[in-house]
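Model, not experiment: these values are computed from the prediction.
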Amino acid sequence: MAGYDDRDGFIWMDGQLVPWRDANVHILTHAMHYASSVFEGERAYHGKIFKSVLHSERLKRSANMIDFDVPYTVDQIEEAKYAVMKANNLSDAYVRAVAWRGAGEDMGVASARNPVRMAVAVWEWGAYYGDAKMKGAKLDISKWKRPSPETIPSHAKAAGLYMICTMSKHAAEAKGCSDAMMFDYRGYVAEATGANIFFVKDGEVHTPKPDCFLNGITRQTVIGMLADRQVKVHERHIEPAELEGFEQCWLTGTAAEVTPVGRIGDYNFEVGALTREMSESYEKLVRADG
């Protein structure tokens, strides 16, 4: 595939469809310098974006958390997402909505006078972790920690919060891993760089309490699926020493969907029956919703 800046098709920008290669911003766009940007990652299956409205609502909330308003209603964002899917003739696609402070009168840290802009792009995107759904992803353990909510708006899906995720994933890939697991500022297990994490022990599920990182929409969906199966879920702080005692592990996220994990650092996990069931059931759920 060509680079993401050199493709045929259309991107929705500020209320209109723009040819893909023309969907550009000025070099002095505030978000490029100060990370004043929020985004959503979504997947469409059979022409229906899974949990689409929840993603649109979260985009607006994230913007509010970093002190700006998305200048479109949830209904308008929904219309934009489906319009750009139709323009690109895609029914199964990854959907990226992004809103940011653009170029304007301000070019320092403050940018209240700059316009807020928004775009939606869609493209075909296969399995985020390649063949990991069969044998389990291999994860490194990041040296970077998820920060305290006293230092960042940790529940916003904001671009700046992913800087340490990019660094962590690059380090992991250099070691032959698919991703990295991160601890939080207190030393508890937190999440992977772009996905939430679940563990299984003695038929029960344990997952980190999302008190300093994003409570993912896929995470919430999977917890609901487990509840429907009457599987006990413990949302709690997980100590690093506990990793040795867990039997199974999986990741959840819009891009990751439900991906088994086979290894984290020196700890090994089986791709067991519950992990396979959740992965397969999630795939059925998102396609049934279409």
Side-chain angles (χ1 to χ4, degrees), residues 4 11-12 25 29-32 34-44 49-74 76-78 80-81 84 93-102 111 116-123 125 128 142 144-169 179-182 184-185 190-197 207-223 251-259 286:
Y4 279 93
I11 291 175
W12 184 96
V25 296
T29 292
H30 191 270
M32 186 179 296
Y34 297 103
S36 50
S37 172
V38 296
F39 70 97
E40 284 295 320
E42 311 169 45
R43 277 191 188 269
I49 303 169
F50 187 66
K51 307 279 188 179
S52 184
V53 171
L54 292 181
H55 282 283
S56 295
E57 290 173 344
R58 188 172 67 180
L59 182 76
K60 290 179 69 67
R61 285 199 308 273
S62 293
N64 292 156
M65 288 181 203
I66 68 167
D67 201 32
F68 70 82
D69 292 314
V70 175
Y72 298 94
T73 66
V74 168
Q76 289 173 322
I77 296 170
E78 289 296 296
K81 289 190 286 190
V84 76
Y94 182 80
V95 181
R96 171 57 56 87
V98 57
W100 69 97
R101 288 194 182 275
S111 60
V116 174
R117 303 187 60 188
M118 182 181 159
V120 181
V122 301
W123 62 86
W125 204 3
Y128 188 65
S142 175
W144 299 102
K145 295 182 177 181
R146 299 308 301 166
S148 163
E150 295 178 330
T151 65
I152 59 169
S154 56
H155 297 294
K157 195 169 178 68
L161 308 188
Y162 283 79
M163 179 182 67
I164 56 174
C165 298
T166 298
M167 297 162 69
S168 298
K169 186 153 183 168
D179 203 347
M181 186 191 77
M182 306 178 79
D184 70 18
Y185 66 103
E191 59 177 348
T193 63
N196 294 123
I197 194 163
T207 188
K209 184 179 180 180
D211 54 2
C212 67
F213 56 87
L214 200 68
N215 182 12
I217 290 172
T218 308
R219 176 187 185 275
Q220 296 172 52
T221 300
V222 168
I223 288 174
L251 302 175
T252 64
T254 296
E257 299 174 303
V258 177
T259 297
V286 295

Heavy-atom donor-acceptor pair, Thr73 side chain to Gln76 backbone, under 3.5 Å:
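Checked: pair present.
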
Examine distances only and state if a side-chain atom of Lys81 and a backbone atom of Ser52 form a donor-acceptor pair shorter than 3.5 Å.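 Looks like yes, one N/O pair under 3.5 Å.
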
Atom pair [atom1] ([X]) and [atom2] ([Y]), whose distance is rounded to the nearest 0.5 Å:
| X | Y | atom1 | atom2 | answer |
| --- | --- | --- | --- | --- |
| Ile66 | Leu161 | CD1 | CG | 8.0 Å |
| Leu54 | Leu59 | CG | CG | 12.5 Å |
| Met118 | Ile77 | CE | CD1 | 4.5 Å |
| His155 | Asn215 | NE2 | CG | 8.0 Å |
| Arg61 | Ser56 | CZ | OG | 10.5 Å |

Of all heavy-atom pairs between [X] and [Y], which one has the smallest distance, and what is that distance?
| X | Y | result |
| --- | --- | --- |
| Ala80 | Trp12 | CB-CE2, 3.4 Å |
| Ile49 | Glu42 | CG2-OE1, 3.3 Å |
| Ala63 | Val70 | CB-CG2, 3.6 Å |
| Cys165 | Arg146 | SG-NH1, 3.3 Å |
| Ala93 | Val122 | CB-CB, 4.4 Å |

Quick one: list whatever passes side-chain contact (heavy atoms from CB on, under 4.5 Å) with [X], sequence neighbours left out.
| X | answer |
| --- | --- |
| Asp211 | Arg186, Lys209, His237 |
| Ala119 | Ile11, Met13, Val98, Trp100 |
| Val53 | Glu57, Val74, Glu78 |
| Tyr185 | Ser148, Pro149, Cys212 |

Arg101 meets the salt bridge (charged side-chain N to carboxylate O under 4.0 Å, His left out) criterion, sequence neighbours left out, with none

Sorted by chain and residue number, the salt bridge (charged side-chain N to carboxylate O under 4.0 Å, His left out) partners of Arg96 (sequence neighbours excluded) come out as none

Ring pair (Phe, Tyr, Trp, His ring centres under 6.0 Å) filter on His55, not counting sequence neighbours, yields none

For Tyr94, the ring pair (Phe, Tyr, Trp, His ring centres under 6.0 Å) test, sequence neighbours excluded, returns Trp123, Trp125

Sub-4.5 Å side-chain heavy-atom contact between [X] and [Y]:
| X | Y | answer |
| --- | --- | --- |
| Val38 | Phe68 | yes |
| Pro210 | Glu191 | no |
| Gln220 | Lys51 | no |
| Pro208 | Asp184 | no |
| Phe50 | Thr254 | no |

What residues, two or more places apart in sequence or in another chain, satisfy side-chain hydrogen bond (donor to acceptor under 3.5 Å, both in side chains) together with [X]?
| X | result |
| --- | --- |
| Lys157 | Tyr162 |
| Ser168 | Ser142 |
| Arg58 | Glu40 |
| Tyr72 | none |

Exactly one candidate in Asn196, Leu251, Leu214, Ile197 meets side chain to side chain contact (heavy atoms under 4.5 Å, CB included) with Arg219; the answer is Asn196

### Task
For Asn64, look at atom CG and say whether over 12 heavy atoms of other residues, nucleotides or ligands are found less than 6.0 Å away.
yes

